[in-house]
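Worksheet: the structure to be examined is printed underneath.
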Amino acid sequence: MPLSVYNTLTRQLEPFLPIDKNLVRIYVCGPTVYGDSHLGHAKSYVSFDVIVRYLRFIGYRVLYVQNITDVGHLTDDADEGEDKLIREARANRVHPMEIAERYTRSYFEDMDALGVLRPDISPRASGHSTEQIELVKELLARGLAYEANGSVYFDVRAFAGYGKLSGRTLDELSAGVRIDVKSEKRYPADFALWKKAEPGHIMRWPSPWGEGFPGWHVECSAMSMKYLGQSIDIHGGGLENQFPHHECEIAQSEGATGKPFVKYWLHNNMVTVDGRKMGKSLGNSISLKEAFKRWSAPVVRFFVLQSHYRSTLDFSEDALRGAAKGLERLHTTIRQVRERLGGTGNAAGSPGISPAAHARALQESTGGNASTGAQTTTESTAGKASVHPNGLQEFGRAIGIDLDAYAQRFRTAMDEDFNAPQAIAALFDLSREVNSALQRESSVAAADLQALDAFFARHAGDVLGILPEGETLTSGDHNLEQELMSLILSLRAETRKEKLWTLSDKIRDGLTQLGITLEDKKEGTTWKRAPKG
RNA sequence: GGCGACGUACCCAAGUGGCUAAGGGGGAGGUCUGCAAAACCUCUAUGCAUCGGUUCGAAUCCGAUCGUCGCCUCCA
């Protein structure tokens with residue numbers, strides 16, 4: 001079953017066929033780095049992370065570009081508007097680029113914690129003024145823009161396709177636009193490509209029209225075309241960017257090249273708090289750094305993936321707590337498989353986020369749909385797993401469980417516009433079957449365990465990025481902590497042997513206080529760190 | 001005002017024409033266990049905002065009503 005994606009441009013689900021058979025060019029609007037990232041950023045970038053991971057999983061080579069907006073945007077519509085970064089810089093009495101740098105690092109820090117793979121290229125808007133100026137010049141040369149008093153505006157009436165993404169007409173737009181008495185614009189819906197820098201404006205670049213700075217939308221057009229070419233496969237971003245940002249990008253790009261800018265427009269929905277959009281200006285935004293104090297980053301990631309990227313996701317304490325429990329349930333199964341596999345606790349190699357795991361040979365499919373490149377087996381996929389002729393891995397059966405049926409279910413879900421919630425549901429069902437089987441079977445063939453481990457490594461790990469990681473230390477790891485724990489556990493085992501329940505319970509309660517959970521099982525006692533949330 | 005979404009159990013959330021309405025959390029009962037935890041088993045929406053309509057058949061399509069939200073201004 002081929003991959004289908006919901007294209008905002010056509011408002012329907014379409015088969016995904018990239019321009020180049022095996023290569024997917026994707027551009028996602030990045031953050032404006034004037035503040036810490038919040039849960040909304042997590043939803044957006046985790047969503048696109050999984051989209052990119054899945055495209056790689058089914059065999060595509062993916063080139064992923066995501067900008068860093070460090071030039072800032074105007075806070076207001078008109079000329080009096082003050083650059084966000086500059087306002088922030090003035091408040092803190094530092095250079096705007098210092099602010100931008102600080103929050104750029106903060107952004108990547110948060111994204112790394114969330115297991116979001118770094119984009120292949122993260123271009124800064126401030127470093128691409130030349131490209132942006134060139135684009136503006138081209139638009140002027142083509143008669144789609146005009147200069148007014150040191151600024152340049154896009155003439156929307158000269159571009160026939162304006163409004164095709166957001167479904168608006170110029171009449172509707174001009175009706176909604178505020179009347180600006182002092183406007184230099186010829187038409188209310190025209191938008192700035194280049195703005196003249198007023199005295200005191202710190203971020204400025206020389207241009208053919210005098211000193212100034214790029215307009216609101218040019219950066220994405222310029223950088224997308226520079227690194228991915230004039231026509232790309234996917235352009236992603238938050239729903240709120242559909243208009244005007246993306247609409248303007250189309251106008252600028254297609255106006256300048258005469259070619260289609262983007263084949264598939266993908267938009268993720270918003271995070272809400274108590275049913276309302278989370279936003280800085282609304283004063284209800286929750287920064288990721290705050291959130292991570294309360295819930296671990298993997299829990300936040302998992303929470304995001306439990307709803308579809310095109311649905312709103314309502315944030316609440318209860319919902320996060322539920323997600324934490326659910327993720328723990330999945331992790332318990334995976335850890336159990338690993339422990340049975342050899343007690344290393346890390347049988348899948350570097351779990352979760354391993355870019356190396358994505359290195360795989362590209363191979364043409366016979367059916368003309370390029371979604372079936374061959375994949376190299378990672379170390380974790382030894383054992384029973386093998387590579388299927390069509391390129392997707394086979395897992396066979398393990399302890400009576402039809403892993404291929406689960407793999408199929410997982411892929412069917414993801415093939416339908418990246419339905420991660422359904423894919424996760426399949427993992428939960430598998431998890432129950434595995435728990436059940438492991439409980440039943442005291443000895444399981446290593447090959448079966450390896451197949452299970454490989455299955456989780458590929459699907460929960462490579463695609464969804466929700467495998468348990470090093471920080472969740474368990475009885476499998478070796479270090480001083482481990483040594484001490486085994487000492488405590490052996491002492492406690494003696495108290496239990498002597499039926500000194502009060503004492504053994506005291507030990508367990510004490511460890512609970514320290515954030516360590518004990519589990520007394522038939523085979524012995526295991527321990528783990530209690531998860532956050 | 002214009003444009004566009006959404007309303008599924010106590011909570012989160014899939015499903016968009018056809019088997020018994022996914023999955024997670026919570027709750028109830030049970031198995032295991034010294035107890036607890038984890039795990040497993042059973043139960044927890046004759047109904048998908050409401051009312052009409054189309055259809056052999058609708059949570060899913062159409063219309064109306066009520067409610068919530070988003071975009072139209074920087075915003076993931």
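Sequence lines set the chain letters: A, B, ... in the order given, protein chains first and strands last, and positions in each chain run from 1.
Per the stacking criterion (ring centres < 5.5 Å, plane angle < 30°), A/Y45 does not stack onto the base of B/A76.
Between the side chain of A/D505 and the base of B/G34, at least one donor-acceptor pair of N or O atoms lies under 3.5 Å. A donor and an acceptor atom sit less than 3.5 Å apart, one in the side chain of A/R508 and one in the base of B/C35. At a cut-off of 3.5 angstrom, counting only N and O atoms as typed in the model, there is no donor on one side facing an acceptor on the other between the side-chain of A/R321 and the base of B/G26. Side-chain atoms of A/N241 stay outside donor-acceptor range of the base of B/C75, with no qualifying N/O pair under 3.5 Å.
Among the heavy atoms of the strands lying under 4.0 Å from A/N269 is at least one base atom, whether or not backbone atoms are also near. Nucleic acid contact class of A/D520 (heavy atoms, under 4.0 Å, all strands): base. Contact annotation for A/R432: backbone-only contact, meaning every heavy-atom pair under 4.0 Å involves sugar-phosphate atoms and none involves a base. At a threshold of 4.0 angstrom between heavy atoms, the contacts of A/V271 include nucleobase atoms, whether or not backbone atoms are also involved. Looking at heavy-atom distances under 4.0 Å, A/I424 makes no contact with the nucleic acid at all. A/G40 comes within 4.0 angstrom of a base, heavy atoms only.
Following rounding to the nearest Å, A/M278 (CE) and B/C74 (P) show an atom-to-atom distance of 21 Å. Atom CD of A/E339 is separated from atom P of B/A39 by 14 Å (rounded to the nearest Å). Between the CD1 atom of A/I516 and the C1' atom of B/A37 there is a distance of 14 Å, given to the nearest Å. When the C1' atom of B/C40 is taken as reference, atom CD of A/E441 falls 14 Å away, rounded to whole Å. Spacing between atom CZ of A/F315 and atom P of B/A13 amounts to 12 Å, rounded to whole angstrom units. Between the CZ atom of A/R276 and the P atom of B/C6 there is a distance of 19 Å, rounded to whole Å. Between the P atom of B/A76 and the CG atom of A/L114 lies a distance of 15 Å, rounded to the nearest Å.
The listed nucleotides are B/C40, B/A14, B/A76; the one nearest the side chain of A/R329 is B/C40. Checking B/G24, B/A14, B/C40 against every side-chain atom of A/F428, the shortest atom distance belongs to B/G24. Of the candidate nucleotides B/G34, B/A22, B/G4, B/G4 has the atom nearest to the side chain of A/R11. Taking the side chain of A/S436 as heavy atoms from C-beta on, and the options B/C40, B/G15, B/C74, the nearest nucleotide is B/C40. Set against B/C12, B/C40, B/C74, the side chain of A/A319 has B/C12 as its closest nucleotide. Which of B/C75, B/C40, B/A38 sits closest to the side chain of A/K277 comes down to B/C75. Here B/A14 is the nucleotide among B/G2, B/A14, B/A76 with the atom lying nearest to any side-chain atom of A/Q422.
For the P atom pair drawn from B/A22 and B/C66, the interatomic distance equals 33 Å after rounding to whole Å. The separation of B/U65 from B/C6, taken at their C1' atoms, amounts to 16 Å, rounded to a whole angstrom. Straight-line distance between the C1' atoms of B/A14 and B/G67: roughly 23 Å, to the nearest whole Å. As rounded to the nearest Å, B/G26 and B/A45 have C1' atoms that lie 16 Å from one another. With both ends at atom C1', the span from B/G23 to B/C61 equals 27 Å, rounded to whole Å. Comparing the C1' positions of B/A36 and B/U31 gives an interatomic distance of 16 Å, to the nearest angstrom. B/C62 and B/G17: their C1' atoms are spaced 13 Å apart (whole Å).
Contacts of A/R186 classified as salt bridge (charged side-chain N to carboxylate O under 4.0 Å, His left out), with partners at least two apart in sequence or in another chain: none.
The shortest non-hydrogen separation linking A/K528 to A/T332 is NZ-OG1, 3.9 Å. Nearest heavy atoms, A/H128 versus A/P123: CE1-CB, 3.6 Å.
Checking A/F303, A/F302, A/F315 one by one against A/W295, the ring-ring contact (aromatic ring centres under 6.0 Å, His included) holds for a single residue, A/F315.
Counting only heavy atoms from C-beta outward, the side chains of A/S151 and A/W194 never approach each other to under 4.5 Å.
Taking the six-membered ring for Trp and the full ring otherwise, the centers of A/H267 and A/H246 sit less than 6.0 Å from each other. Here the two rings, on A/F243 and A/W265, have centers that are 6.0 Å apart or farther.
A/Y107 and A/D36 share no donor-acceptor pair across their side chains, judged by distance under 3.5 Å alone.
B/A49 is paired with B/U65 under the criterion used here, namely a Watson-Crick or G-U wobble arrangement in which both key atom distances are under 3.5 Å. Summarising the base pairing, B/A59 is matched to no nucleotide, lacking a Watson-Crick or G-U wobble pair whose two defining distances lie under 3.5 Å. Pair assignment for B/A21 gives none, since no Watson-Crick or G-U wobble pairing has each distance under 3.5 Å.
Annotation: cation-pi geometry satisfied between A/R118 and A/F108 (NZ/CZ under 6.0 angstrom from ring centroid, within 45° of ring axis).
Contacts of residues 302-314 of chain A with RNA chain B (heavy atom under 4.0 Å): A/Q306, A/S307, A/H308, A/S311, A/T312, A/L313, A/D314.
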Go through the steps for A/R492 and A/D520 under the test salt bridge (charged side-chain N to carboxylate O under 4.0 Å, His left out), then give the verdict. CA-CA 11 Å; A/R492 181 163 173 277; A/D520 294 324; 3.0 Å; yes
